[in-house]
Amino acid sequence: MRFYGLLKTIGTTKKQIKRILLVQALKMSAIGIPAGLVFGFLLGKILLPLILKGSSTIVATVSINPVIFIGSAIFALFTVYISCRKPAKTASYISPVEAVKYNGVSSNIHSRSNRAKNGTNGGKLHKMAFSNLGRNKKRTFITVVSISLSLVLLNTVYTLTGSFNMDKFVSKFIHVDFQVAHAAYYKYKFSAETPVSKTMISAIEGQKSFDRGGVIYNIPQMMIISKYDGNVEYEAGKIHLPDGSSFTSADIYAMEDFVLENLEIVKGRYDKEKFRTGKFLLLGLNDDDNGNIMYDKALYKIGEKVKLKAFQDASSTNFDDAKEYEVMGYYRMRPTNCSRCYGTVTFAMPLEELRTYDKNPIPMTYICNAKAGKEDELEAFIKSYTESVEIQMSYNSRETYKKEFEDLQNTILSVGGVLCLIIGIIGILNFINSVFTSIITRRREFAMMESVGMTKRQLRKMIIYEGLYCGFYTIAVSFILTIIFTLGVLSQLSKAVWFMSYKFELLPLLISYPVLLILSALIPYLAFIGVDKQSVVERLRIAE
């Protein structure tokens, strides 16, 4: 400011001063923007594959599209331009006399703060340091907020990932140790040509680590002829005949004892002996993302009769051979007990009954459990078998879903961690800039204090106190913002995301606060070393 004031004394205009500042900023941008683009590209090149290495569906590629680089550069230049407007205006309007007296303190200070203070109480170092924080409130505010945001983001990421519930996630997809099927089944393309391999089932059941298992069979869709009243909920599952009539189609599954025993009956009950008579069905119902069964989608009530007919001839309207069943109960449909293609009415019936419609029903998938403590052993065998013997077969297990869950968790931690690091570095740089600017603009002030008896040790302590006060302000602001955001936003978010169970966390803040206080004391201490090397006379003679 003193420099620009001196320029004005020799005839420099306001427009020229603004231009000088803008050119300086553009020169710095000419170095900083290309460096930032290169660093950002390299950082993405390194981090993106690490973040997505656990994903089997996403390929990690870092784009070199010029539009991204040009857009980033323009945005950065626009930010620089906006940032320069206020300082340039301030420098251009200050008078030469004001510039020479400039000491970095805001001129918009209440008259109350300019009153003389009596007594020695205000001369204590910690009180002087506290008063000095108010000399440039905007700078202090920006420093505190920038560091606080990084701490809030850090705690948010940790709380978010810590609230992920692995049990909820895994149980949504699998409720047994292993599920084996043709690879097409996992791509939602199951058909009569993609059955699960019987030889693989035999190989699995021959392992010492194997406990129990069962096959789920399927046949082509059947017609439900007892209800054809145009129920809109099942319009997508209707079969339309040439005469204009339509019939609701049904997916029919037959399950071996192990599968039936592992079904979650959500309403009604499963009576093994009655079910084997072939006169009863179990109706499968989907659940929503939060695991709530959608009972309103049930086309039949428990105890209601259902008539089924196989699709022999879609144009036939003779239903005399249709067979009647009674709905025994509802069970929860899972990815492990259906074809993974939803939209039709789903029933489970005994295998013997299914064979009355099709003597060779399609073995769709096989689920099993390993003996206690032998899960890893059986999984190693299944993995080796699907990779080297029957490569068209595939499998899922609790461990594969656990790994998928951990990959999701690590991805969010990685992305959030990088963002925290970047914002944290920006905050610390703001603090360093604030401290250095304050010390540089107050060199003459420090020299005057030393000339009237204040020691360098006292000056150093005062500056450290200023840094610590800034650190304590940051702790208070970040703590309050974290509590508000965590309780107000994350707790509600956890209710909306089905695999989350909200957990209140403050551990990241408790770890970060001591580090923050150390930096708050260390940075002012190191910044003061440069001033400390100059003599009192040299600092008193500084004109700019």
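Any value given below was found using the heavy atoms of this structure, including those in side chains, with hydrogens, waters and symmetry copies removed.
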List the atom pairs, with distances to 0.1 Å, where a side-chain N or O of residues 73-85 and a protein N or O form a donor-acceptor pair under 3.5 Å, not counting sequence neighbours.
unit_1	atom_1	unit_2	atom_2	d
Thr79	OG1	Phe75	O	2.8
Ser83	OG	Thr79	O	2.7

Could you give the side-chain donor-acceptor pairs of residues 467-480 under 3.5 Å, partners two or more places apart or in another chain?
unit_1	atom_1	unit_2	atom_2	d
Tyr469	OH	His126	O	3.1
Thr474	OG1	Cys470	O	2.9
Ser478	OG	Thr474	O	2.8
Ser478	OG	Ile475	O	3.1
Ser478	OG	Tyr513	OH	2.9

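When all heavy atoms of Cys338 and Arg334 are compared, the pair lying nearest together is SG-O, 3.2 Å. Pairing each heavy atom of Pro524 with each of Val435, the nearest pair is CA-CG1, 3.7 Å. The two residues Thr346 and Met333 come nearest to each other via the heavy atoms OG1-CE, 3.6 Å. For the residue pair Tyr502 and Ser494, the shortest heavy atom distance occurs at CB-OG, 3.1 Å. The nearest pair of heavy atoms linking Ser150 to Cys420 is CB-O, 3.9 Å. The minimum heavy-atom distance between Lys18 and Ser92, with the atom names listed, is CE-OG, 3.4 Å.
His182 has its side chain out of reach of Phe190: every pair of non-hydrogen atoms, C-beta onward, lies at least 4.5 Å apart. Contact annotation: the side chain of Tyr385 never approaches that of Met393 to less than 4.5 Å [non-hydrogen atoms, C-beta and beyond]. Side chains of Phe431 and Leu519 form no contact here, defined as non-hydrogen atoms less than 4.5 Å apart. Within the 4.5 Å cutoff, the side chain of Phe485 has heavy atoms near those of the Leu490 side chain. Looking at heavy atoms from C-beta onward, Val23 lies out of side-chain contact with Ile20 at the 4.5 angstrom threshold. Between Leu506 and Thr482 the shortest side-chain heavy-atom distance falls below 4.5 Å. In this structure, Leu160 and Leu493 have side chains that are in contact, with non-hydrogen atoms separated by less than 4.5 Å. The closest side-chain heavy-atom distance from Ser171 to Asp167 is not below 4.5 Å.
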side-chain contact (heavy atoms from CB on, under 4.5 Å) between Thr400 and Glu404, worked out: CA-CA 6 Å; Thr400 56; Glu404 186 177 325; over 6 Å; no
Candidate pair Ile523 and Ile428, rule side-chain contact (heavy atoms from CB on, under 4.5 Å), full reasoning: CA-CA 10 Å; Ile523 291 172; Ile428 292 172; 4.3 Å; yes
Gln179/Tyr186 under side-chain contact (heavy atoms from CB on, under 4.5 Å): CA gap, chis, key distance, verdict: CA-CA 10 Å; Gln179 180 191 23; Tyr186 293 106; 3.7 Å; yes
Worked verdict on Ile412 versus Phe164 for side-chain contact (heavy atoms from CB on, under 4.5 Å): CA-CA 11 Å; Ile412 295 177; Phe164 287 177; 3.4 Å; yes
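Atom NZ of Lys172 sits in a crowded spot, with more than 12 heavy atoms from other residues, nucleotides or ligands closer than 6.0 Å. By the 6.0 Å contact criterion, NZ on Lys461 is open, its count of non-hydrogen atoms from other residues, nucleotides or ligands being 12 or less. No more than 12 heavy atoms of other residues, nucleotides or ligands sit less than 6.0 Å from atom CD1 of Ile64.
Remark: the Glu379 side chain and the Ser397 side chain contain an N/O donor-acceptor pair separated by less than 3.5 Å.
Note: Asn155 CG to Leu507 CG = 8.5 Å, rounded to the nearest 0.5 Å. To the nearest 0.5 Å, the span separating NZ on Lys403 from CG on Leu408 amounts to 12.0 Å. Interatomic distance, Arg19 CZ to Leu26 CG, rounded to the nearest 0.5 Å: 10.5 Å. Rounded to the nearest 0.5 angstrom, Thr161 OG1 and Lys503 NZ are separated by 10.5 Å. With values rounded to the nearest 0.5 angstrom, Leu419 atom CG is found 11.5 Å from Leu154 atom CG. To the nearest 0.5 Å, atom OG1 of residue Thr194 and atom NZ of residue Lys189 are 11.0 Å apart.
Judged by distance alone, with hydrogens and angles left aside, the side-chain atoms of Ser434 form no donor-acceptor pair with the main-chain N or O of Asn430 at under 3.5 Å. At least one donor-acceptor pair under 3.5 Å links the side chain of Ser29 to the backbone N or O of Ala25. Panel note: side chain Ser501, backbone Ser163; no donor-acceptor pair is recorded below 3.5 Å. A donor-acceptor contact shorter than 3.5 Å is absent between the side chain of Asn292 and the backbone of Asp288. Side-chain atoms of Ser146 come within 3.5 Å of backbone atoms of Thr143 as a donor-acceptor pair (strictly under, hydrogens ignored).
Below 30°, between 30° and 60°, or above 60°: for Phe499 and Phe405 the angle between ring planes is above 60°, a perpendicular geometry.
For Lys86, the side chain to side chain contact (heavy atoms under 4.5 Å, CB included) criterion is met by Thr90, Lys138, not counting sequence neighbours.
A salt bridge links Lys402 with Glu399: at least one charged nitrogen is closer than 4.0 Å to a carboxylate oxygen.
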